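Here the structure comes first, spelled out in structure tokens, and everything after it is commentary.
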There are 2 protein chains.
Amino acid sequence: MAKDRKIDVVILGLLSHEDLTGYDIKKRIDGAINFFWKGSFGSIYPALNAMEEAGQIKSYKADDPGSRGKIFYHITQKGINALKQWLNEDQASNELKYETLLKLYFGGVEGADTAIRNVEVFESNIKSELEVLKIYEKNLRAEQDNEDHKFFLLTVMFGIETYEAYLRWCAKAKKILMN
Amino acid sequence: MAKDRKIDVVILGLLSHEDLTGYDIKKRIDGAINFFWKGSFGSIYPALNAMEEAGQIKSYKADDPGSRGKIFYHITQKGINALKQWLNEDQASNELKYETLLKLYFGGVEGADTAIRNVEVFESNIKSELEVLKIYEKNLRAEQDNEDHKFFLLTVMFGIETYEAYLRWCAKAKKILMN
DNA sequence: TCATAATATATCAAATTGATATATTCAAAA
DNA sequence: TTTTGAATATATCAATTTGATATATTATGA
């Protein structure tokens, strides 16, 4: 068997703050949590059906006119319990796949120039993503009122700390590759 | 369609250094590249068959007695070309899933104590993995003779740089969570 | 001799991705 | 006013990957 559906806890976590549609959930995932987690419609919609079947969430149709078949989901007590249980488990997987490092590891096949190019591509992407994270950070430090503000800020701080480490490494790597 | 089989380039990269069996490939993946890439038998064996079909690798049976049905794979020119082409493409995916950050992001549901516990679990795991990386680094700095030594060292340096950033963040996070 | 760990290949259900299909609503340009 | 394109919204599919399990052989050590 494959591992448990991890998308479930993402959905439960988001629904613990507000009722959302599947499309809303996708947008939330693509927003502030995008740099440490991803999710696709192909996993979200089937999970929503399975979780409603399991009684962790409850669907309802939007009744305001002109909202087509919009389906909102609300978390149940059972869902809240499942979310809390997961939060209290020590196990956490943290699966990382850096294609950039894979290219560097096998860099000997092509040589230093190609490797430098790959480091530069990575560096350029990280620089622009770091700017986005710094804007998030600024906004979070401004609105201290939000109850969950502290938790959101911590994840953004994680991103900034690691992205800055990436950039330091890029500089070192280029230096070594240029001899 | 799902994205291209990424396991292919891992296999090609490893076979560009030496002929290996599927089992050997799994051991290599579980070794020095484990902290930035993973792979399972369930993806390796089917990929080996598909790649031989595509002419990128060539299998042969070990003929020494007592080696059971051991099947070695050798990279072909076609395989080397595919590997080089991939190395020269700017696109690189770097997919990260930090369950630890997910728990922290939704930490408001349980509160600071649980969040601190989750940070501590992460911190403890990273500390022991960092020690392993430092041993790798020490070994790599000793054997300067290996042609690919520089490329291997760069990936390990990446690991050390980021893991140390993780630990700095853990300290900050615990401080913030304790108020 | 016997047990068990390591080696070795293979397959499967479940989870996930990335793409595609379909349809509606909204905003802006023609 | 119409139309065109972007955003919204749900759903499904093939391909990839994981993690587990099945099966069998060889090596090691008690």
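Given the structure is predicted, the values throughout are model-derived calculations rather than measurements. Only this structure's heavy atoms are used, side chains among them; waters, hydrogens and symmetry mates stay out. Order of the sequence lines fixes the chain letters, A, B, ..., with proteins taken first and strands second; residue numbering starts at 1 for each chain.
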Given [options], which nucleotide is nearest the side-chain atoms of [X]?
| X | options | value |
| --- | --- | --- |
| B/Lys70 | C/dT11, C/dT9, C/dT17 | C/dT9 |
| A/Lys27 | D/dT8, C/dA8, D/dT17 | D/dT8 |
| B/Phe41 | C/dT16, D/dA11, C/dT11 | C/dT11 |
| A/Arg5 | C/dA15, D/dA9, C/dT11 | C/dA15 |

Does A/Lys58 NZ have over 12 foreign heavy atoms under 6.0 Å away?
->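 Count not over threshold, so no.
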Establish, with yes or no, whether the OP1 or OP2 oxygen of [N] is under 4.0 angstrom from a side-chain nitrogen or oxygen of [X].
| X | N | answer |
| --- | --- | --- |
| B/Tyr23 | C/dT7 | yes |
| A/Ser43 | C/dT16 | no |
| B/Tyr45 | C/dA10 | no |
| B/Lys26 | C/dA6 | no |
| B/Thr21 | C/dT9 | yes |

Where the side chain of A/Lys26 meets the backbone of A/Gly39, is there a donor-acceptor pair that is under 3.5 Å apart?
->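 The answer is yes, because a donor-acceptor pair under 3.5 Å joins these two groups.
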Contact class for B/Gly42 vs. all strands (heavy atom < 4.0 Å): base, sugar-phosphate, or nothing?
-> base
Going by an N to O cut-off under 4.0 Å, is there a salt bridge joining A/Arg141 and A/Glu137?
-> yes
Less than 4.0 Å between a side-chain N and a carboxylate O, is that true for A/Lys6 and A/Glu95?
->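 No, no charged N to carboxylate O under 4.0 Å.
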